[in-house]
Amino acid sequence: DAKTTQPNSMESNEEEPVHLPCNHSTISGTDYIHWYRQLPSQGPEYVIHGLTSNVNNRMASLAIAEDRKSSTLILHRATLRDAAVYYCILSAGTYKYIFGTGTRLKVLA
Amino acid sequence: GAVVSQHPSWVICKSGTSVKIECRSLDFQATTMFWYRQFPKQSLMLMATSNEGSKATYEQGVEKDKFLINHASLTLSTLTVTSAHPEDSSFYICSARRVADTLADTQYFGPGTRLTVL
């Protein structure tokens, strides 16, 4: 199954942009890139997904490298409520999600 | 849209008893539902995949006779933990994939059920 690599943790100041990286060098041509976030004692929350082009929604932006071997989730203005574990996941073609360890984002007031 | 609920949100039971957890897609039909387990400070681990009207597919190492999954309709899947023991205590999370998202394979997750076995 395709795998992703993310930094274990990141910090950001409140009101500043945050760029969360994800490497997926073994991505296949049909894999979508999904991002979720999980707050303590809650299920993962869908953030955004994309295939080849950059994507924007009300929560975040997703920048996908031209070779698709990496992507970056962009939170334009981090708030305290954005503190969570962020997971980058590839749809592995078998409809199964393989969760890595994710990036724990800490937002400093 | 794409709301998934779970019931109960938490449950405490005695060792040896069985516990049923429900997962419902509230505003969409789910072709496939998934069950995950998450231990403290760990990531989610997929337990099984269920399709409406067919038998669930279990991941390696997950006992299918212990974790019974029923996917009776396009909006409801249940997970029954049979003869629960303290080591089954965990956070159980379900997810559902919409028919419309078949290509993108987006899953929508429930809020989770905290199971504590005494």
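Within every chain, numbering begins at 1; the chains are lettered A, B, ... in the order of the sequence lines, protein sequences first and strands thereafter.
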A/Tyr46 side chain to B/Thr106 backbone, donor-acceptor under 3.5 Å: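 Such a contact is absent between A/Tyr46 side chain and B/Thr106 backbone.
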A/Gly100 to B/Ser43 - nearest heavy-atom pair and separation: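 Looking at all heavy atoms of both residues, the closest pair is O-OG, 2.5 Å.
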Determine whether [X] and [Y] fall in the same hydrophobic cluster, where Ile, Leu, Val, Met, Phe, Trp and Tyr are linked whenever their side-chain heavy atoms lie under 4.5 Å apart.
X: B/Leu68; Y: B/Val62; answer: no
X: B/Val11; Y: B/Val117; answer: yes
X: A/Val85; Y: B/Tyr108; answer: yes
X: B/Leu79; Y: B/Val19; answer: yes
X: B/Leu115; Y: B/Trp35; answer: yes

Salt bridge (Lys or Arg N to Asp or Glu O under 4.0 Å) pairs, two or more places apart, involving residues 39-52 of chain A: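 Applying salt bridge (Lys or Arg N to Asp or Glu O under 4.0 Å) to every pair that reaches into residues 39-52 of chain A, excluding sequence neighbours, yields A/Arg37-A/Glu45.
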B/Glu87, CD atom: more than 12 neighbouring heavy atoms under 6.0 Å: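 For B/Glu87, atom CD is crowded (more than 12 foreign heavy atoms under 6.0 Å).
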Proximity breakdown for B/Leu44 and chain A, heavy-atom pairs closer than 4.5 Å: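 Contact with chain A involves both backbone and side-chain atoms of B/Leu44.
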Interface moiety of B/Gln38 toward chain A, non-hydrogen atoms closer than 4.5 Å: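 Answer is side chain: those atoms of B/Gln38 sit under 4.5 Å from chain A.
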Test ring pair (Phe, Tyr, Trp, His ring centres under 6.0 Å) applied to B/Tyr36 and A/Phe99, step by step: CA-CA 10 Å; B/Tyr36 297 82; A/Phe99 277 83; 5.6 Å; yes
Pairing residues for A/Leu75 by the side-chain contact (heavy atoms from CB on, under 4.5 Å) criterion, not counting sequence neighbours: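 side-chain contact (heavy atoms from CB on, under 4.5 Å) check on A/Leu75 returns A/Val18, A/Ala60, A/Leu73, A/Asp82, A/Tyr86, A/Leu105.
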For chain B, which residues of residues 6-16 of chain A have heavy atoms nearer than 4.5 angstrom: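 No residue falls under the 4.5 Å cut-off.
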Worked check of ring pair (Phe, Tyr, Trp, His ring centres under 6.0 Å) between A/Tyr36 and B/Phe109: CA-CA 10 Å; A/Tyr36 290 83; B/Phe109 289 82; 5.2 Å; yes
Residue list, side-chain hydrogen bond (donor to acceptor under 3.5 Å, both in side chains) with B/Tyr58, at least two apart or on another chain: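 side-chain hydrogen bond (donor to acceptor under 3.5 Å, both in side chains) check on B/Tyr58 returns nothing, list empty.
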B/Ile93 vs A/Gln38 side-chain heavy atoms within contact, under 4.5 Å: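 Of all side-chain heavy-atom pairs linking A/Gln38 with B/Ile93, at least one is under 4.5 Å.
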